Amino acid sequence: MSTISNKVTPLEEYLFDLNGYIILRNVIDAHQLASANAIVDSCPKDLKTGEWWGNVQVQSYSETDGINLQQIYEAGKPFEELIDQPGWIEKVKHFVGGEGTFDWLHGPLFLDENFFSIRGPGQAIGLHSGGETGTKRTQFRYHNGHFQCGQINILMAFNDIGPGDGATMVIPGSHKANFPHPSFEEHKMKHGETKSVEGVEGAIEVYLNAGDAILFVDAISHGSAARVNDGERRICVYRYGPSWGYFRHGYRPSEALLDRLAPEKRKMVHPHEAALLPPQ
Ligand SMILES: O=C(O)CCC(=O)C(=O)O
Ligand SMILES: [Fe+2]
């Protein structure tokens, strides 16, 4: 497991503020990687978009961006552990902020989407997001001495991602952009066409080893390179926001999952558990 401190370091704080992302090395250990990959290997290969595998649904945005196994935290212990993985959870709390405001009422965070993404040769995701949109849900915000970001993503590598593998690409600093990138239209996500971020001036590929992760504010302009190598790219994304947030998609955690989870994890999966209702 990671040897880095769980709390945000001054350098991480500086780099996150400046660039909109930081790289977390070695935050998932070999055993957890192997067991998570084995679970994904056991998923039937012929499942189509919209079909369910237990409480996990196969989803995709187009034919060109691979498949997402949505609600992957339902797929077993290694994915439950990721909910509050020590390598990132204190850092995520720090950047979402809100300590002493809403957290005492319903917890520090809400995990509003979680999925495992598998992409093969020719697949990619085009450029999206950017500070210029001002989208509240995904915003970067630092105010009154605190980070108060709307959505912090942890994008984890489940195999090594290097040149040709379809790495995630970011435009460092673009969470503070006031203008759309002049090449945005050419590289933005488009149905039925593979769009990638390669060739966008200022964008960089982020190479990861299996077990590394990128922590980024969703407001940063990002996407991926197109995979050209054989085989598949395996990543997992957990998106966290303030605990007063709501589910991105229509998915809801199963009762069985909620029953299994320890209180800290359960609060992040379903902050408002006990509805306040008048006596019947
Ligand atoms: O597939 C990628 O590398 C980028 C994923 C992405 O856009 C996201 O997690 O918000
Ligand atoms: Fe994205």
Side-chain angles (χ1 to χ4, degrees), residues 16 18-23 49 59-70 72 92 95-96 111-120 122-141 149-157 161 165-208 213-228 233-241 245-251:
F16 174 78
L18 186 71
N19 293 324
Y21 74 99
I22 50 174
I23 301 177
T49 298
Q59 177 261 343
S60 59
Y61 291 101
S62 75
E63 320 74 59
T64 54
D65 62 2
I67 59 154
N68 298 323
L69 301 174
Q70 288 281 355
I72 196 67
V92 174
F95 293 130
V96 169
L111 180 51
D112 75 337
E113 185 181 9
N114 64 102
F115 63 94
F116 195 99
S117 151
I118 302 173
R119 242 179 240 156
Q123 296 181 323
I125 190 165
L127 188 61
H128 55 284
S129 293
E132 77 281 3
T133 67
T135 309
K136 280 188 189 169
R137 186 180 180 89
T138 58
Q139 70 186 303
F140 171 83
R141 188 162 185 250
C149 295
Q151 189 173 74
I152 297 292
N153 299 328
I154 300 290
L155 185 152
M156 318 148 206
I161 303 172
D165 287 333
T168 299
M169 295 186 70
V170 296
I171 304 180
S174 56
H175 57 306
K176 296 182 183 176
N178 290 312
F179 302 93
H181 194 290
S183 305
F184 179 76
E185 285 301 317
E186 200 187 320
H187 290 269
K188 72 178 180 190
M189 292 160 63
K190 204 163 174 205
H191 282 287
E193 231 182 286
T194 305
K195 290 289 184 175
S196 86
V197 186
E198 288 151 294
V200 173
E201 184 79 30
I204 57 161
E205 293 193 33
V206 183
Y207 299 136
L208 301 172
I214 315 172
L215 178 159
F216 64 104
V217 64
D218 196 78
I220 195 174
S221 295
H222 65 280
S224 83
R227 186 175 180 94
V228 292
R233 186 194 78 154
R234 290 185 163 209
I235 63 156
C236 196
V237 178
Y238 279 34
R239 301 192 201 282
Y240 301 86
Y246 204 59
F247 301 91
R248 179 177 185 207
H249 298 283
Y251 304 116

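Every value quoted in this text rests on a predicted model; they were computed, and no experiment measured them. In what follows, every heavy atom counts, from backbone to side chain, and hydrogens, waters and symmetry copies are set aside.
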Please report the shortest heavy-atom distance between [X] and [Y], naming the atom on each side.
| X | Y | answer |
| --- | --- | --- |
| Ser224 | Ala124 | OG-CA, 3.5 Å |
| Val96 | Tyr240 | CG2-O, 4.1 Å |
| Asp112 | Tyr246 | CB-O, 3.5 Å |
| Ala167 | Glu205 | CB-OE1, 3.7 Å |

With sequence neighbours excluded, what pairs up with [X] under the side-chain hydrogen bond (donor to acceptor under 3.5 Å, both in side chains) test?
| X | answer |
| --- | --- |
| Arg248 | Tyr61, Glu113 |
| Gln123 | none |
| Asn153 | Asp218, Arg239 |
| Thr49 | Ser60 |

Of Val237, Ile235, Asp65, Leu69, the residue whose pairing with Ser117 passes side-chain contact (heavy atoms from CB on, under 4.5 Å):
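With Ser117 as partner, side-chain contact (heavy atoms from CB on, under 4.5 Å) holds for just one option, Ile235.
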List in chain and number order the residues that pass salt bridge (Lys or Arg N to Asp or Glu O under 4.0 Å) with Arg119, two or more places apart in sequence or in another chain; answer none if no residue qualifies.
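Expected list: none.
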Can you list the residues that meet the salt bridge (Lys or Arg N to Asp or Glu O under 4.0 Å) rule with Arg234, with sequence neighbours excluded?
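Result, salt bridge (Lys or Arg N to Asp or Glu O under 4.0 Å) vs Arg234: Asp41, Glu232.
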Rounded distance [0.5 Å steps], [atom1] in [X] versus [atom2] in [Y]:
| X | Y | atom1 | atom2 | result |
| --- | --- | --- | --- | --- |
| Gln59 | Gln70 | CD | CD | 4.5 Å |
| Glu186 | His181 | CD | NE2 | 10.0 Å |
| Glu193 | Glu63 | CD | CD | 10.5 Å |
| Thr133 | Phe184 | OG1 | CZ | 9.0 Å |

Under the ring pair (Phe, Tyr, Trp, His ring centres under 6.0 Å) test, which residues partner Phe115, sequence neighbours left out?
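Phe115: no ring pair (Phe, Tyr, Trp, His ring centres under 6.0 Å) contacts found.
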With sequence neighbours excluded, tell me which residues meet ring pair (Phe, Tyr, Trp, His ring centres under 6.0 Å) with Phe247.
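For Phe247 the ring pair (Phe, Tyr, Trp, His ring centres under 6.0 Å) partners, ignoring immediate neighbours, are Phe110.
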Would you check if the side chain of [X] reaches a backbone N or O of [Y] as a donor-acceptor pair within less than 3.5 Å?
| X | Y | value |
| --- | --- | --- |
| His187 | Ser196 | yes |
| His249 | Tyr251 | no |
| Ser221 | Ser174 | no |
| Asn19 | Pro172 | no |

Applying side chain to side chain contact (heavy atoms under 4.5 Å, CB included), name anything that partners [X], two or more places apart in sequence or on another chain.
| X | answer |
| --- | --- |
| Met189 | Ile125, His128 |
| Ile214 | Tyr21, Leu155, Thr168, Val206, Leu208, Phe216 |
| Ala203 | Met169, Ile171, Val197, Val200 |
| Glu185 | Lys188 |

I want to check something: taking the side chain as every heavy atom from C-beta on, are [X] and [Y] in contact at a cut-off of under 4.5 Å?
| X | Y | answer |
| --- | --- | --- |
| Asn178 | Glu132 | no |
| Ile204 | Val170 | yes |
| Phe140 | Ile220 | no |
| Ile152 | Val217 | yes |

Go through the steps for Thr135 and Gln151 under the test side chain to side chain contact (heavy atoms under 4.5 Å, CB included), then give the verdict.
CA-CA 10 Å; Thr135 309; Gln151 189 173 74; over 6 Å; no
Does the side chain to side chain contact (heavy atoms under 4.5 Å, CB included) test come out yes or no for Leu215 and Phe16, once each step is laid out?
CA-CA 9 Å; Leu215 178 159; Phe16 174 78; 3.8 Å; yes
